[in-house]
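As structure tokens, the structure follows; a few thoughts come after it.
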Amino acid sequence: MNVTIIGTGYVGLTTGVALAYLGNRVTCLDVDEKKLDALRAGKAPIYEPFLEEMLALARENLLFSSSYPESMPSADIVFIAVGTPSAAGGAPDLTYLRAAAEGVGGNLGEGFTVVINKSTVPIGSGNWVETLVADAYASARREKPDGRFAVASNPEFLREGSGLHDTLYPDRIVIGSDSKRALEMLHALYKPIVEQTFAAPNFLPRPEELAAVPLITADLASAELIKYAANAFLALKISYINEIAQLAEKVGADIAQVAKGIGLDSRIGTRFLQAGIGWGGSCFGKDTSALTATAYEYGLSMPIVRAAREMNSMQRGRVVEKLLGELKILKGRTVGLLGLAFKAQTDDLRDAPALDIARQLLERGAKVKVHDPVASNRARAENPGLGVAYCGSAEEVFAESDAVVLATEWPEYRELAWEDLKASMRHPFVLDGRNFLDKERLQKAGYQYVGFGR
Ligand code: NAD
Ligand code: UGA
């Protein structure tokens with residue numbers, strides 16, 4: 001099929017590359033010429049494992065363009081995957097979505113096109129996009145687009161850092177539309193994934209137990225709500241374990257044992273029960289905020305989701321509390337941060353806890369040294385004037401530091417020569433914000449180790 005993807009970010013690019021790998025002719029459309037130039041040269045503009053390898057494999061089926069008139073007319077299927085960040089007040093900013101929908105409507109081809117919201121969009125956006133596309137079509141062509149297109153929702157569930165894996169081997173695919181024709185075309189597009197009939201790339205082998213992927217068909221509003229409900233549930237699962245971790249600290253329990261003990265109940269599940277500094281990233285914060293904003297419009301207050309958000313923002317402050325507890329005074333102290341990205345295997349810094357923690361420490365007069373294996377350049381570019389010292393190696397973070405805080409669980413941080421690094425610190429205090437380090441090893445090496453709920 002001919003597929004056009006609007007927005008070549010974490011979602012659009014991953015989807016585009018995967019669909020091209022499966023044999024579709026894919027045009028990735030973006031307004032960012034720099035990104036497009038990098039992609040044309042085979043370079044991934046973001047850090048995402050295996051993206052460049054997949055770009056190379058799918059190259060023949062991929063085009064990169066900034067032109068709606070060039071990218072739209074031949075498309076059978078158009079995915080909108082532009083950003084939907086939070087606007088002031090918490091509801092999503094739909095500026096990019098509007099621009100994309102108008103670009104689609106003004107440039108529809110002669111055949112039938114399915115226009116898909118893959119961006120996470122508020123409930124009702126399917127209808128809104130339909131109107132925007134139809135109006136843009138009518139003003140470009142001076143006729144109604146009768147039957148020329150249909151809108152569908154196909155929410156994305158990939159995780160950054162394992163985006164391609166999650167796209168080729170998803171837990172489920174959700175499609176929502178009122179149009180039978182649109183649903184049939186989406187069934188056809190996703191057939192190789194649903195039936196797992198494609199040849200797996202050798203660097204991304206198919207999980208052994210995966211025979212087929214469930215495809216759920218829903219109405220538009222349900223598909224849109226599924227996305228928000230899923231993200232909010234994952235966010236509150238993390239906030240819940242962080243709340244229990246607080247109590248574990250008080251009573252002398254170990255949260256890792258508690259998480260395992262409750263998680264092995266299959267009704268609960270072991271995943272997303274990792275206690276620590278809490279969730280960050282581009283989605284949990286904005287999506288829980290959007291969900292409560294939508295609920296508010298309908299007179300609902302969503303107390304559970306709000307509590308999860310409150311708990312999460314407290315976790316970042318708890319880093320400062322724990323440092324104060326140990327160092328007593330932060331003014332003039334040097335704190336080293338290991339990791340900046342909101343989680344490992346990505347360079348994404350949106351709502352990264354590390355950046356918030358750095359700001360809080362700087363406000364209290366501490367010096368902050370930071371390291372991240374992939375996100376430092378981006379952090380520098382996106383946060384001019386932040387006031388932290390960027391270190392070229394993790395080892396530099398330790399030198400003359402009064403405390404080291406692990407903020408991102410990059411595997412290489414576990415493998416550091418901790419025994420040797422201690423000597424370069426002023427005070428061998430380690431705060432493990434992800435409960436990720438080898439506590440026994442660090443204690444044996446003479447560090448004072450503090451985690452979350454351990
Ligand atoms: P992103 O910011 O990485 O990428 C968005 C891209 O859209 C950018 O490259 C931008 O230049 C481009 N763009 C903006 N306006 C445009 C326009 N008018 N025409 C063409 N391109 C335009 O965003 P993302 O992280 O990929 O997220 C996209 C959407 O997917 C969001 O709604 C997000 O909530 C949702 N989502 C994201 C993830 C994730 O892990 N990042 C997972 C699931 C869902
Ligand atoms: C999340 C969801 O997992 C995806 O399904 C969804 O598609 C995506 O949001 C989205 O809508 O954008 P992502 O934000 O990439 O994916 O990353 P996660 O792996 O979910 O981690 C989110 C945050 O929670 C990270 O900061 C991570 O460190 C933290 N986390 C995760 C915990 O603190 N504890 C855990 O047990 C798990």
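Below, each value reflects all heavy atoms present in this structure, side chains not excepted, and no hydrogens, waters or symmetry copies. Ligands are counted one by one from 1 in listed order, and the atoms in each one are counted from 1 as well. From a predicted model like this one, the values you see are computed outputs, not experimental measurements.
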Minimum non-hydrogen distance to atom 10 (C) of ligand 1, winning option of N231, L36, L97, D30: D30
Nearest neighbour of atom 7 (O) of ligand 1 from the list G7, G12, G281, on a heavy-atom basis: G7
Can you pull the salt bridge (Lys or Arg N to Asp or Glu O under 4.0 Å) pairs that have at least one residue in residues 96-117, sequence neighbours excluded? R98-E102, E110-R141, E110-R148
Atom indices of ligand 1 within 4.0 angstrom of [X] heavy atoms, with elements:
X    : value
I6   : 19 (N), 20 (C)
Y68  : 17 (C), 18 (N), 19 (N), 20 (C)
T84  : 31 (C), 32 (O), 34 (O)
G83  : 5 (C)
K286 : 33 (C), 34 (O)
E156 : 43 (C), 44 (C)
S282 : 41 (N)

Residue F272 vicinity, atoms of ligand 2 by number, heavy atom under 4.0 Å: 3 (O), 18 (P), 19 (O), 20 (O), 31 (C), 35 (C), 36 (O), 37 (C)
Quick check on contacts: which atoms of ligand 2 are under 4.0 angstrom from a heavy atom of K227? 6 (C), 7 (O), 10 (C), 11 (O)
Is any NZ, NE, NH1 or NH2 atom of the basic residue among R454 and D432 found under 4.0 Å from an Asp or Glu carboxylate oxygen of the other? yes
Judged by non-hydrogen atoms, does K227 sit under 4.0 Å from ligand 1? yes
Give a yes/no verdict on whether any heavy atom in F157 is under 4.0 Å from an atom of ligand 1. no
Looking at H165 versus F50, is the centre-to-centre ring distance below 6.0 Å? no
